[in-house]
There are 2 protein chains.
Amino acid sequence: MAKFQTVDIGRSASAASIIFAALRRAIVEGDLADGEPLRQDEIARSFNTSRIPVREALTMLEQQGLVKTERYKGAVVAGLSMAEATEIFDFRALVEAEVMRRSVPNMTTEVLDTARACLERFAAGSDPMQYGDLNREFHETLYRASALPYHLGVIENAMDRIDRYLRAQLVLSDGMDRARREHLVILDACAKGEAERAASLTAEHIRGARDSLAEHMGAGSR
Amino acid sequence: MAKFQTVDIGRSASAASIIFAALRRAIVEGDLADGEPLRQDEIARSFNTSRIPVREALTMLEQQGLVKTERYKGAVVAGLSMAEATEIFDFRALVEAEVMRRSVPNMTTEVLDTARACLERFAAGSDPMQYGDLNREFHETLYRASALPYHLGVIENAMDRIDRYLRAQLVLSDGMDRARREHLVILDACAKGEAERAASLTAEHIRGARDSLAEHMGAGSR
DNA sequence: ATATTGAATATTGGATCCAATATCCGATAC
DNA sequence: GTATCGGATATTGGATCCAATATTCAATAT
């Protein structure tokens, strides 16, 4: 049709979506502490907008479970109790194992190479704060082969809820080494086309993180 | 503490949440057709509010995947392609089976009685439009015993996305009879404490609905 | 000294207003 | 007659304003 690169401006960023993305990132990465209040006015000032797009961003965050709002009191970053975090890990183990099972038959060598590159960057880079991003990228690369967008969305949301805790735990223990090893084994199973093994390794990988978190965090927040 | 019944007014309904609930219901039950545009002005007039709470409700609906919004074009009811619907049924089969497995050990006779009562009302009532509500109530009653609130939330969202199609399919076939029979068998497994059987019956129940829908709807929308 | 009250301030939810974009429709060129 | 252009209207996104509620804190009573 058109002889030039086009961009869907219709879907391009509204002020609200920009603010949402920024706040989401800050919460997911743990830059905003659990329970910290999010003042509309303050956020509006820092983005140079009115409070309207801020409010829209906050309702989006609330729908995702990342903040809790009380009428006339405002939004605070939503923390997780240990029970809630554990439940989300179990959920991830269930869903991600199934997605992995259905991904393996579709994995091209390109997918495997991309995932492998992830692990290499992971091994090279020592910045522990970057681990979270690479971890997500590795898993998402493999899962995307499943062509199950709804599942991917649900997984992403679950990850958002626990990512901070995961990051916190990883720097405090041998979590990074262990993740590295497990990722290699998972990738190996994928490369060999062993879907069932890749699935159960994935489930174990996630349950291991769950247990490690439970150990290091004890009774936990809230 | 207080010697009288209290209500958490802080969480009580804002205009936005009332509008959200009404629109959600209309979409989930199929009163609003796929692709139908939702005009802010019109909705605001019918609730006697300004457009502000309407916009908030629409962003909530968008986060739930029930409407799609394009900048400066507004929101339309989000339909599902057959592939998308199928994927959500598969997701439900996976998650609901697991929740059922973990519910069974916790089921009190009270839970079982409540579920049984559901089925009886179901058998008695002939209103096919009420089937959807009773179906959800039956499943939710059983699942609640799992004490897995995150899982329940995710299941609820998945149900919201496909409920209309389920309802449409049920009135057009022997779906109601079949659902009745399958529900009885599931409840029987629960009553006998056979968690694994209840789980696999649940998965089959859902996959059956998926296939029935695929048959009756063919290539489907979008 | 501590608990309670009430005024002052801060903050949110909603209404109204304005700017940006989309949609519709008639005019015009071919 | 059909396709394209340009203005009129409709609709959304964001800014500003107002009302309702929460929070703070000083004054007072016990």
| query | Distance from A:R55 atom CZ to A:I19 atom CD1, nearest 0.5 Å? | reply |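 These two atoms lie 12.5 Å from each other.
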| Spatial distance of atom CD (A:Q63) from atom CZ (A:F20) [nearest 0.5 Å] |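 Interatomic distance, A:Q63 CD to A:F20 CZ, rounded to 0.5 Å: 10.5 Å.
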| field | Sequence neighbours excluded, every pair satisfying ring-ring contact (aromatic ring centres under 6.0 Å, His included) that has a member inside residues 85-108 of chain B | value |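 Sorted pair list: A:Y150-B:F91, A:H151-B:F91.
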Can you check nucleotides 5-7 of chain C for protein contacts, nitrogen or oxygen pairs under 3.5 Å, and list what you find?
none

| message | Applying side chain to side chain donor-acceptor pair (under 3.5 Å) as the test, list every pair that has at least one member in residues 37-48 of chain A; sequence neighbours left out. | response |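 Those involving residues 37-48 of chain A are A:Q40-A:R51.
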| query | Which of parallel (below 30°), tilted (30 to 60°) and perpendicular (above 60°) describes B:H183 and B:F138? | reply |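 It falls in the tilted class, 30° to 60°.
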| request: Quick one, give me the B/S/- string for nucleotides 11-16 of chain C, reading 5' to 3', where B means a protein heavy atom under 4.0 Å from the base and S means that only happens at the primed atoms, P, OP1 or OP2. | output: SBBBBB
| request: Identify, with sequence neighbours excluded, every residue that meets side-chain contact (heavy atoms from CB on, under 4.5 Å) alongside A:D113. | output: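 Counting only residues at least two positions away or on another chain, A:D113 forms a side-chain contact (heavy atoms from CB on, under 4.5 Å) with A:R116.
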| query | With sequence neighbours left out, what residues match B:T108 under side-chain contact (heavy atoms from CB on, under 4.5 Å)? | reply |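 B:T108: side-chain contact (heavy atoms from CB on, under 4.5 Å) contacts with B:E110, B:V111.
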